[in-house]
Structures are given as structure tokens and as C-alpha cells.
Protein chains: 2
Amino acid sequence: MSDNQTDKTVEMVSETHASKRPYADALLRLKQVGLRPTRQRMALAKLLFDGGDQHITAEDLHGMARKATVKVSLATVYNTLHQFKESGLLREVVVGPGRSYFDTNTHAHHHFYVEPAGELVDIPVDSVELSRLPSPPDGTVMDRVDVIIRVTQA
Amino acid sequence: MSDNQTDKTVEMVSETHASKRPYADALLRLKQVGLRPTRQRMALAKLLFDGGDQHITAEDLHGMARKATVKVSLATVYNTLHQFKESGLLREVVVGPGRSYFDTNTHAHHHFYVEPAGELVDIPVDSVELSRLPSPPDGTVMDRVDVIIRVTQA
DNA sequence: TTTCTAGTTTAGAATTGTTTTAAACTATTG
DNA sequence: CAATAGTTTAAAACAATTCTAAACTAGAAA
């Protein structure tokens, strides 16, 4: 999967929490952002955050839940993804019209977008050097900078 | 509109072509990319390229056409925008899920995305310095780099 | 010019991804 | 345990876009 930088972190996280007390991490995260730990949210949090860095769509997550025999509606998946995003547990990355991924990596970083596969690959923030940004238009403040490097498979 | 660099080009283009021979420029562009100059394509090209740099949605363009009493269906607007994009006459900029703009400026440049207004503002390519890009994943070649600076109105 | 044909346009239906609704359910508080 | 505020759900609604198949048109050939 050629994703060397992130793999180390992934292993660390999953070994520290996931393998032994499977719900401790999910519960902690929900507590931290003040969302009631319901069965559905716990299950989705576990699917999202126990698997290392992921870029998934709402449909993807709904599919994963079904596979894990978690009963949750698609509407709840959408609600939950947005709540997680609002709370800073997730980031949304938009790559194409009608194509939006939720990214479990909320640290500053960038992306390769691989076409036509439609796959996202993380770029560590320090492997892009971004100097001399223009000042924002009058009356606005900078929120964040997204760098998307679009690449194509030969 | 605080868009100084591009304004000059805009004026130049519109004064050189648009005002006197209104269809010459549109016709030339269609010829160059090998698209048959139909009534609808000519009209849309004129609306798109005679107005200087623009960021518009399919619905926007359809509305502009109606206002200009050009009879064209929404399906044709979508077809035409995609053909223009494939031919390199337009660029597509995706900023949010279900929100995609077509940009008449096809030169390398970047964007401010102003929220919640949902407005795009061009950033000249040379006012962003982008050094040290990572190499693309194996089996892929770099297509282009999009920098979107997300800003919010206070 | 007329005829032919491939390319184009169209209205409307279909599809996709997402949001809304209103009723049923559930986690927490007292 | 009861009250209640927050949550979940199926289903409908919605928005943006694409598809379909029939009607139309630009350009080439006769």
C-alpha cells in the first residue's frame, strides 16, 4: 500500500488501545467531545478509530457496520460523521463533485488523490513546504490550507 | 473585487475580441479543440469566455443563458461544460460535497474558498511558493497541484 | 441543392448522494 | 422508576448530475 509514514502510527494506536480494551478508546473520545455514548456512536467510533488512518465515505462506513453486524441506519451514519467532524474527531476531504471522504487523521497534512481509482493517500505535513501564502481577502480570516496533489495511474 | 492581477488580462481579452466581433473568439476556441460550433456551444462559449475569469456552476450558466434568451437545456449545459473541461478550455474546482465550479482560468493558479458564502477567489500561481513536493505514489504520475485556502467571513 | 450521416440537443426519467421528517426509542437526571 | 432531552430510524424529500431515446442539425457527399 506504499503508505510507509503512517503505518508506524497505526500500529502504535491499535496496539495500545484496540486489541485489549476495545471500547475504551471510543468511549474516551465521545466523552471528550460531549457526545452521548450510544450503541451506534460507540460502534461507529470503534470502526473509525481502531483501524488506523482511514479515508472513508458514509456508504463505506455503513457497509463496514453491516459487515460487523452493527445495526445502524445510513441516516445515523451521516449524522454521526457530521457530529464527529464538528467535534474535530474527523476531517472532511472533498475531491470530486459528489465525492467526499472523512479522514480519521485530523492532524495538519495533505493528500494525493489518485485517479481514476478515486483513492486518497496521506502526505505528511512536513513533506510539503508551503512558503509565501497570500493574505486572505478583506474581511476574512484564514481557516486552513488544503493541498491536493492529483495523480493519475498509468 | 480585490483580484488585481487577473483584471488586466480580462480587459485585454474582452476589448480585443468580444466587443467588436462577438463570436470570433468563441468560434476560434471551438475550432481549436475540434468541437462542432453549434448554436448552443457558441452561445455558452461566449457567455463563459467573454466575461473574463469566472467561477460558475452548471445552474449558474443555465441561468445566464436563459437571461440572455439563449434556448439551451440544462443537460446540454452539463454536456458542454464537461466537453470544454475535457478539451482544456475549462477547469473544474471542487470545493464542497455537491459543489463544483467551472473555472474559465485554465492557467496554473490557486483559490481562496470563502465560507459560508461559497465564493471562489483566484490566487495567482506566483503568490504561493510551493517547494519540496513529495514524489507521487508508485505507478502514478503527478497531474497537478491544487491549493485551496479556506477562509471564513467574520 | 438535396441527401445522408454522424454528431448534437432535448425533455423527461433515472440515479446518486445527502438531508429532512416525525415518530419510536434510550441514556441520563432527579 | 419516571421524566425528559437527546438519539435513532424508515421513509420521504431533495439537489445535483447523468442517462435515455427520440428529434434535430451541421457538414460531407452526391
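The shown structure was predicted, so the numbers you read here are calculated from the model rather than taken from an experiment. In what follows, chains are A, B, ... by sequence order, proteins preceding strands, each numbered from 1.
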| said: Please tell me if Gln40(B) has a side-chain N or O lying less than 4.0 Å from either OP1 or OP2 of dT10(C). | reply: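 Yes, such a contact exists.
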| said: Tell me whether the side-chain N/O atoms of Thr76(B) come closer than 4.0 Å to OP1 or OP2 in dT9(C). | reply: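 No, outside the criterion.
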| task | Taking only Lys NZ, Arg NE, NH1 and NH2, and the carboxylate oxygens of Asp or Glu, determine whether Lys85(B) and Asp103(B) approach each other closer than 4.0 Å. | result | no
Just the rounded figure in Å: distance from [atom2] of [N] to [atom1] of [X].
X: Ile56(A); N: dG17(C); atom1: CD1; atom2: C1'; result: 16 Å
X: Leu81(A); N: dT7(D); atom1: CG; atom2: P; result: 15 Å
X: Leu61(A); N: dG17(C); atom1: CG; atom2: P; result: 15 Å
X: Leu30(B); N: dT9(C); atom1: CG; atom2: P; result: 10 Å
X: Met42(A); N: dA27(C); atom1: CE; atom2: P; result: 11 Å
X: Gln83(B); N: dT9(C); atom1: CD; atom2: C1'; result: 11 Å
X: Leu35(A); N: dT28(C); atom1: CG; atom2: C1'; result: 15 Å
X: Lys85(A); N: dT19(C); atom1: NZ; atom2: C1'; result: 14 Å

| request: Scan nucleotides 14-26 of chain D nucleotide by nucleotide, 5' to 3', and note B when protein non-hydrogen atoms come under 4.0 Å of the base, S if they reach only the sugar-phosphate, - if neither. | output: --SBBB-----BB
| query | Could you state the interatomic distance from CG (Leu90(A)) to CG (Asn105(A)), rounded to the nearest 0.5 Å? | reply |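 One finds 10.5 Å between CG of Leu90(A) and CG of Asn105(A).
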| said: Which residues pass the side-chain hydrogen bond (donor to acceptor under 3.5 Å, both in side chains) test with Asn79(B), not counting sequence neighbours? | reply: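 side-chain hydrogen bond (donor to acceptor under 3.5 Å, both in side chains) list for Asn79(B), sorted by chain: empty.
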| Whether Ser127(B) side chain and Pro134(A) backbone form a donor-acceptor pair below 3.5 Å | no
| task | Please test Asp122(B) against His55(B) for side-chain hydrogen bond (donor to acceptor under 3.5 Å, both in side chains), starting from the C-alpha separation and ending with a verdict. | result | CA-CA 9 Å; Asp122(B) 278 349; His55(B) 306 107; 2.8 Å; yes
| task | Only pairs at least two apart or in different chains count here, so list each ring-ring contact (aromatic ring centres under 6.0 Å, His included) that has a residue in residues 56-83 of chain A. | result | His82(A)-Phe102(A)
